[in-house]
Each structure stands twice: as structure tokens, then as C-alpha cells.
Amino acid sequence: MALVLAVAAVLICTVRTLRPETLTPIIENVANGALDARVSLGRAELAFRPGFPLLELRLDSLKVISRSFDTLDHEERAQLPEYADSLFSLASLRGGIDLGKFFRRGEIAITDVVLTSPEMNIVLAADGRGNFDIYSSADTASSSSATVLPPISIRRFRMESPRAIRYFDAIDSTEATVVLLASASLDGSDAPSYALSIDGRLSNPAARQLLNLRDLRFGFDGRLRWDPRVPDFLALDDFNISGASLQAKVDMQVRFGESLSVDTASFELRPVRVDSLLAFLPDSVRARGGLVAPNFETDAVVSITAHTTGPFVPARDTVPNIEASVVIPESRLRYGQARLHDVALDLSVALTGTDYDGASATLRRLTFAGPATSVEISGRFSRLISDPTFDCRVDGDMQLANLPRVLTDKLQGILRGRLKMNLEARGSASMFELGKFHRLDVRGEAIGTELYFLDHDTSRYVRLGRAEFRF
């Protein structure tokens, strides 16, 4: 107890000694000496909150100006925006450290961090240099060595009046991607599980050219798991993502070692109307495709799920091992003169990394029906690159009296009856070449009932109670 009281007394004296006029230049000098940047600070203050041992730090008017681009020539510098050197700024930072937890169990317990008006610019020059490259090589080398982190927890973090986050790459950009945050908060009451919530808008020049979307409103809401005892592991649990009319859920486990590795990941796009997705396309594109009312109308809803089937290392892998499914429940569709109902889809696709020929697709169900015909298709497809292989089944049911007039007029007569067909086929694309048709395995049947035909001048008349054709 005497030792604790002694340490507390030293801390109190130190904090009283480090008044703002003394502490502010100390922090500036240390930061400017350690970073390849110009750091300016309006005011820095340490104080004990009521209810010792909470130590509060307050920083005002912090600016970090990068020196990374100081050696660029005039032409290279001209490719960058005027804010290229301004890496980070904020109006104020308030935060606290629970000294009691630090002395009792060596835990760095950070409490109630508030950033006011933070702004960040991330800029890449044509040679790949970034304005965030502000650490010396010696610092980088020492930081890469193995270190043991003490337990760290953050009770609460939030941003007030956040400003823009800009991203600019001189290689492929003429305009910056801009993120405007409306709010951002982190609650660590259940550390090492953290509740994260972010809302804002994203403006991207490429997206504006490709999509009918000026700004994308987005939001993140979910839980992060990070334990300083296992500092190279991070998990996202039930992470909800929203953007425009889209709602999705993501679960992910990421490991940071010599290379970033996504151990597991799953994604679920919650049901969304197809016409809402098509609304993202430019009006000119939808008009050329006839995807505008009244030519095109549908009440179809689509949902997508996906999950990885193995670790994904971005430094090594270009395509993940992944299984994805697309489901559209029964719906209606109108396109031009075609009016379909019972339109449904259940499709899954499996990707095997860069082994593109190992990819496969399983069509569990594709159905559609019109006034005269209903069709259901199912099958499996593989070896999609070298020689597409298929094993599929097609079932059809046709009411001949309901065929479109464009067909019945050519028959110049009256046609009635019902025709049911099914077809099973196994083979590959190469079997359609001349001399290889005999390798196809095709089986099926066609059954007609109450077939009736009478031409307009009544010279020809055919009636069959039942007719079957099997092969």
C-alpha cells in the first residue's frame, strides 16, 4: 500500500509539473524527431479526472504534415492534389487511462476517447510513395521485431463532427474517393468484444461513371473481437453492412503474421428487389436493354450467400476458394410481350482459387411459366474452361391451346391438347463436334394427351387421345 501511495504521489507531482505550456512543446519535439513529418499542436494537457486514478489527456489543434513528397520533382508533384502533404488533423482529442487497472494487472485501459473534427488524406504518388510513409527505416525495422503487448482495452471511442477522409492514387485517379463520416463509435464494455458503429457517405469517381449513384450512403454495425494476448488475430462477428438499398451481414476471422490471412469469411446479402439493383445502372444502359417500365417489370427478390472454403492470403492468392449461392423465390416478370410467372432460381457456384477449370456450378432449380408453357431446369456443370461438362434435366409442360397467336397463325388451324416433356442429358461441349455426337447420353420422353388439330378449311383433322415417344 505504501508503494502504491508513493507512486500515486509521484504521478500527481509529475502531472502538476507538466503544465500545458511545458507539455505541448515536449510532445511536438518528440513527434517531429520520430516522424518524417511536421507535427504541430495547439495545446496538450494532462489532468486527473474526479475520481482518481483516471488520468485524462487532451490535445487541441493537432496537424500532421507529411514530408514524404518533399523530394518529388515538379512534374511528379503537379500530379498530386493540393492537400497531398496534409496527412491528418483534428480539432481536439480527449481520452483517459485507468491507472488503477495498470498498476493492479498491467492493463492499458483506455476510457472515453473522443475525436473532434478529424480529417485524413491518403495520397499515393505515381512511384508508389504514400504521404503516410512517415516512419524511418530504423523505426520500421525495430517495430517489426517480436514484441509482447500488455493487455489493452478501450471502453468507449467516438468521433464528433468528423470531416472528410480522402483517397487519391496518381496512377489511376483524376479525382479523389471521399468518405464523409456522419458518426463513428466503439464500445468496449464487453472487451475483448467491441461493438462498432459507423455511418457515412462514400463518393467515388469511377462509381459515378459506371453507376447511377452520386453518393453511396453506408453504415457498419457489429462486433469486433481482439485480444492483446493474441495481437495478430481479429474477428468480425455479425457485422451488418448497409449501403444504398443493400443490407448485408459479414463474419470474418483475420490473422496478421508475416502475411495477412483471412482464415474464414462468410457473406450474406439480405433479400433485395431486382429492380432496386437495376436502378444502380445508368439510365442509358437500362434504356438500351429495355429494362425500364412499362417494357420491364418484376417483383423478383434476390439473396446471395457466400463463404470461403479455405484460408485466403492476399499476398499469395489472387482468387479465394469460395462457395456462393444465389436464390430468387417465385416471382413475376414482364419483358416486352413476354409475361412470366413462377420465375425462380437456386444456383450455387464453387471457385477453387486460381484453378479456374476446377470451378463448378450447381443449378438446383430454374423455373419459369407463361400462358402456355412451364419449364424447370436443374443440373451440374464443371470443367468450365477446358471442356464444359454438364449433367442436367429439363422438364416442360405445354398447353397447346394457349400458344401465342404468332405460332398458331402459321399453323393455319386450331390446336389443342397437352404436351409434357422431360429430357436428361450428360456430356461435354466437345461431344457436339462432328463425329462425336454418339458419345452424348440423352434420354427422355414426350407424352401428348387429348391432342387435336383442325385446319381453317376443315380439310385436315387429327385427334389423338394419347401419344408417347421415349428415347
Side-chain angles (χ1 to χ4, degrees), residues 7-70 83-103 106-123 130-145 147 149-163 165 184 186 188 228:
V7 172
V10 171
L11 282 172
I12 292 173
C13 292
T14 302
V15 170
R16 289 185 176 274
T17 303
L18 292 176
R19 296 182 179 278
E21 57 269 20
T22 303
L23 181 61
T24 302
I26 291 176
I27 294 178
E28 280 188 332
N29 291 334
V30 171
N32 281 301
L35 303 175
D36 187 18
R38 295 182 292 276
V39 180
S40 63
L41 183 61
R43 177 186 174 89
E45 182 179 359
L46 278 174
F48 285 108
R49 293 181 182 175
F52 176 83
L54 292 179
L55 179 64
E56 183 181 64
L57 170 67
R58 180 183 179 108
L59 304 178
D60 292 330
S61 302
L62 173 64
K63 294 182 180 179
V64 180
I65 307 300
S66 173
R67 291 194 180 101
S68 298
F69 299 144
D70 286 358
Y83 54 80
D85 294 331
S86 180
L87 176 60
F88 180 75
S89 67
L90 54 79
S92 69
L93 177 150
R94 300 192 308 275
I97 298 177
D98 189 335
L99 297 179
K101 290 184 178 179
F102 180 76
F103 289 126
E107 176 185 347
I108 300 177
I110 301 173
T111 66
D112 298 328
V113 177
V114 180
L115 300 182
T116 304
S117 302
E119 183 175 20
M120 178 179 291
N121 300 305
I122 301 173
V123 179
N131 66 343
F132 48 84
D133 295 327
I134 58 176
Y135 299 97
S136 66
S137 58
D139 294 335
T140 304
S142 62
S143 65
S144 62
S145 59
T147 58
L149 291 175
I152 300 174
S153 64
I154 302 175
R155 189 173 73 179
R156 191 170 292 108
F157 171 92
R158 74 178 188 275
M159 293 185 183
E160 293 181 348
S161 304
R163 302 178 67 183
I165 300 174
L186 181 72

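Given the structure is predicted, the values throughout are model-derived calculations rather than measurements.
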| request: Mark yes or no for whether T116, through its side chain, and A91, through its backbone, hold a donor-acceptor pair below 3.5 Å. | output: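 Absent.
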| said: To the nearest 0.5 Å, what is the distance between NZ on K63 and CG on D85? | reply: 13.5 Å
| Gap separating the CG atom of D98 from the OG1 atom of T111, nearest 0.5 angstrom |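 Answer rounded to 0.5 Å: 7.0 Å.
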| task | Could you go through the side-chain contact (heavy atoms from CB on, under 4.5 Å) check for S66 and D36 one step at a time? | result | CA-CA 7 Å; S66 173; D36 187 18; over 6 Å; no
Looking at every heavy atom in both [X] and [Y], which two are closest together, and how far apart are they?
{"X": "P25", "Y": "P20", "answer": "CD-O, 4.2 Å"}
{"X": "V123", "Y": "A84", "answer": "CG2-CA, 3.8 Å"}
{"X": "S68", "Y": "D133", "answer": "OG-O, 2.8 Å"}

| message | Apply salt bridge (charged side-chain N to carboxylate O under 4.0 Å, His left out) to residues E45 and R43 and explain how you reach the verdict. | response | CA-CA 7 Å; E45 182 179 359; R43 177 186 174 89; 3.3 Å; yes
| Qualifying residue, where the test is salt bridge (charged side-chain N to carboxylate O under 4.0 Å, His left out) with D112 and the options are R58, R155, R158 |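 Single pass found, and it is R155.
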| said: Counting neighbours of CZ on R163 that are heavy atoms of other residues, nucleotides or ligands and sit closer than 6.0 Å, is the number greater than 12? | reply: no
| Sole residue of L115, I27, L93, L90 in side-chain contact (heavy atoms from CB on, under 4.5 Å) with L62 | L90
| Are side-chain heavy atoms of I65 and S86 found at a separation under 4.5 Å? | yes
